Q: 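I have a structure here, written as structure tokens, and I will follow up with some questions on it.
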2 protein chains.
Amino acid sequence: MLEETLAKGLVGTLPRRMRAKLAEIAGDTVEIGSRQSLAQEGDAQTESILLLDGLMGRYMGPRERRQMVAIQVPGDFVDLHALPLDKLDHEVESLGPVRIARFPHDALRAAMAGDYPFAEALWKLTLIDAGLHRYWSYRLGRFRALAGMANFFAEMDHRLGRAGLRTEEGFALPLTHADLSDICGISQVHVSRVLKDLREAGLCALQGGRLTIHDRAGLYRMGEVSGAGLEELLD
Amino acid sequence: MLEETLAKGLVGTLPRRMRAKLAEIAGDTVEIGSRQSLAQEGDAQTESILLLDGLMGRYMGPRERRQMVAIQVPGDFVDLHALPLDKLDHEVESLGPVRIARFPHDALRAAMAGDYPFAEALWKLTLIDAGLHRYWSYRLGRFRALAGMANFFAEMDHRLGRAGLRTEEGFALPLTHADLSDICGISQVHVSRVLKDLREAGLCALQGGRLTIHDRAGLYRMGEVSGAGLEELLD
DNA sequence: CGGAGCGTTGAGCAACGTCAAAAGACGTGG
DNA sequence: CCACGTCTTTTGACGTTGCTCAACGCTCCG
């Protein structure tokens, strides 16, 4: 049943034999409640986590003015970078109830030591993550609130689509305005205004933990998603 | 003479035997003029570059509104992530005359295949880069122009210090207002105003390609550099 | 001496933050 | 079932930040 889940999302892009190898290494599968902190800044790590269900956020900065620096969707490793780094420089929190699988660093290292292509494949997963960080820097540095929010929704549309979690009409997105504030680097009040603009422009609406997309092309246009490099990175 | 340069900056944190290994792999050393583009988005890469002298910037977005997503100082690999990714999702440009050393991917792969600790060490270098991306996302998302600029100057102070390129009074920083605009995600005009504020606050001054620091503690305070994780990441 | 690039300054405006108030959503315990 | 507290969302008013446009000075170089 883990093999099944491994076929989806980013880990699903790995060759079959590597997914099998991962399935062997996998420790236990755990369910975790909403808004639980999995790691604090500075924590030493001895295992990494693969997200099977739900969303998780990674944060920097003081709680009252924190910035989300990455969001993970099912099929993503949440903190594989903690393996070479052996500590985390940011916090990790579940954005709702999640299901995860643990991968002990010992076992991963042992497998990689004798199989360079496997090591490079895992390395690549962490670099796709880094590519998303760059994409976020670009969004945070150069996008206005409205375009930035649309851009983020388009990113989610794309990434959740790859994980098989999207329909034509939209997808589950259990985020509060406070979450979107952390993601887009704007105030909660302004999040409310921007969502209203997107709604009234007939592009999309966020209600009941779900993003309903009314005009996907328009949303992507508003988010200035073009040759910006998201598809290239993830495909 | 390459061994000597390898002792400084980020690559200098590698164990001696790994630096020796790198020195063996190194291709030719090249000098490149100011404002030369080394790679375009989408380019396939067969070698990676170690920066020996000068500064380089990495950019996303259209030229007229581009965002710098990373800056490299001597001792940094500029595009080691292109090895597992085998293409670049952003542009790389020299910010002044630079000197670089080339490392063919073939040779790096061959060395890593038989030496897992070496592979993990290079992996770790790319993850420190990713950590800096996260730091930039935090700055771009949650810092005002003044604090953000101070934060960036503090980062340069710290990183150039590790590379041995800083004195008590300041360091060479051959950046134009347009560069700082790309770095901080603000307009060129506003860069001018912010620099004036920093100058008149007695913190630092940028003249003649050099940042003169008049009050380092005050600059760090203005940039809200504290337990934000930069030291932890780089040490 | 003329241009090109860079830096500075001011004026007006749009975007966004902060403060405050109030209404809705939701679960908990009585 | 209702009453209650808490969290979330919405809206208005007002102040601040930063952008755009425009003009002008500076420096460097041909």
Side-chain angles (χ1 to χ4, degrees), chain A residues 33-36 57 61-67 93-97 139-152 173-201 204-212 222-224, chain B residues 33-35 61-67 93 95-97 139-152 173-201 204-212 222 224:
Chain A
S34 185
R35 309 287 161 174
Q36 298 301 306
R63 261 208 131 55
E64 68 281 6
R65 210 191 53 168
R66 67 182 182 176
Q67 173 67 42
E93 212 177 287
S94 59
L95 294 168
R139 170 166 59 78
L140 291 167
R142 288 303 193 194
F143 281 62
R144 287 292 158 78
L146 184 60
M149 185 92 66
N151 186 277
F152 169 69
L173 193 71
L175 301 179
T176 66
H177 290 198
D179 292 325
L180 290 168
S181 158
D182 295 340
I183 289 168
C184 296
I186 62 180
S187 70
Q188 297 187 25
V189 173
H190 205 56
V191 167
S192 175
R193 286 191 268 256
V194 168
L195 287 177
K196 185 182 179 186
D197 289 347
L198 288 171
R199 213 184 306 135
E200 294 182 349
C204 63
L206 185 70
Q207 333 143 335
R210 206 182 150 70
L211 188 79
T212 306
M222 176 73 83
E224 298 175 39
Chain B
S34 186
R35 308 289 160 173
R63 260 209 133 56
E64 68 281 4
R65 209 191 53 167
R66 65 182 184 177
Q67 173 69 41
E93 211 177 288
L95 295 168
R139 170 166 59 77
L140 290 167
R142 288 303 192 193
F143 282 62
R144 289 292 160 76
L146 184 60
M149 185 93 65
N151 185 277
F152 169 69
L173 193 71
L175 299 179
T176 66
H177 290 198
D179 292 325
L180 290 168
S181 159
D182 295 341
I183 289 168
C184 295
I186 62 179
S187 70
Q188 297 187 25
V189 171
H190 205 55
V191 167
S192 174
R193 286 193 264 259
V194 167
L195 286 177
K196 184 181 180 186
D197 290 347
L198 288 171
R199 212 184 307 135
E200 293 181 348
C204 63
L206 184 69
Q207 331 143 335
R210 207 183 150 70
L211 188 80
T212 307
M222 175 74 82
E224 298 174 38

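FYI, side chains are in, hydrogens and waters are out, and symmetry mates aren't considered; it's all heavy atoms of this structure. Naming: A, B, ... by sequence-line order, numbering from 1 per chain. On a predicted model such as this, the values are computed, not experimentally measured, just so you know.
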Q: Are the charged groups of A:Glu224 and A:Arg142 less than 4.0 angstrom apart, N to O?
A: no
Q: Locate the shortest heavy-atom distance separating A:Ser181 from A:Ile186; write the atom from each residue and the value.
A: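 Reported closest heavy-atom pair: OG-O, 2.6 Å.
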Q: When the distance from CG of B:Leu95 to P of C:dC6 is rounded to whole Å, what number comes out?
A: 13 Å
Q: In whole Å, I'd like the distance from the CG atom of B:Leu180 to the P atom of C:dT8.
A: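 Atom-to-atom, B:Leu180 to C:dT8, this comes out as 11 Å.
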Q: Below 4.0 angstrom, N of the basic side chain to O of the carboxylate: do B:Asp182 and B:Arg63 qualify?
A: no
Q: To the nearest Å, give me how far apart CD (B:Glu200) and P (C:dG7) are.
A: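 So the two atoms are 17 Å apart, to the nearest Å.
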Q: Whole Å only: how far is the CG atom of A:Leu206 from the P atom of D:dT8?
A: 13 Å
Q: Is a salt bridge present between A:Glu93 and A:Arg66, judged by a nitrogen-to-oxygen distance below 4.0 Å?
A: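 So A:Glu93 pairs with A:Arg66 through a salt bridge.
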Q: Any donor and acceptor pair, going by atom type alone, linking the side chain of B:Thr176 with main-chain N or O of B:Asp179 inside 3.5 Å?
A: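 It does hold such a pair.
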Q: B:His177 side chain N/O closer than 4.0 Å to the phosphate oxygens (OP1, OP2) of C:dG5?
A: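 For C:dG5, OP1/OP2 do not have a side-chain N/O of B:His177 under 4.0 Å.
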Q: Could you tell me how far apart A:Asp179 (CG) and D:dC7 (P) are, to the nearest whole angstrom?
A: 14 Å
Q: Using a 4.0 Å cut-off on heavy atoms, which residues in residues 183-199 of chain A reach DNA chain D? List them by number, or say none.
A: A:Val189, A:Ser192, A:Arg193, A:Lys196, A:Arg199
Q: Do A:Asn151 side-chain atoms and A:Gly148 backbone N/O form a donor-acceptor pair below 3.5 Å?
A: no
Q: Without decimals, in angstroms, what is the distance between B:Gln207 CD and C:dG7 P?
A: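 Spelled out: CD on B:Gln207 to P on C:dG7 is 12 Å.
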Q: Nearest whole angstrom, please: distance from the C1' of C:dG5 to the CZ of B:Arg35.
A: 12 Å
Q: Find the distance B:Arg144:CZ to D:dG15:P and express it as a whole number of Å.
A: 16 Å
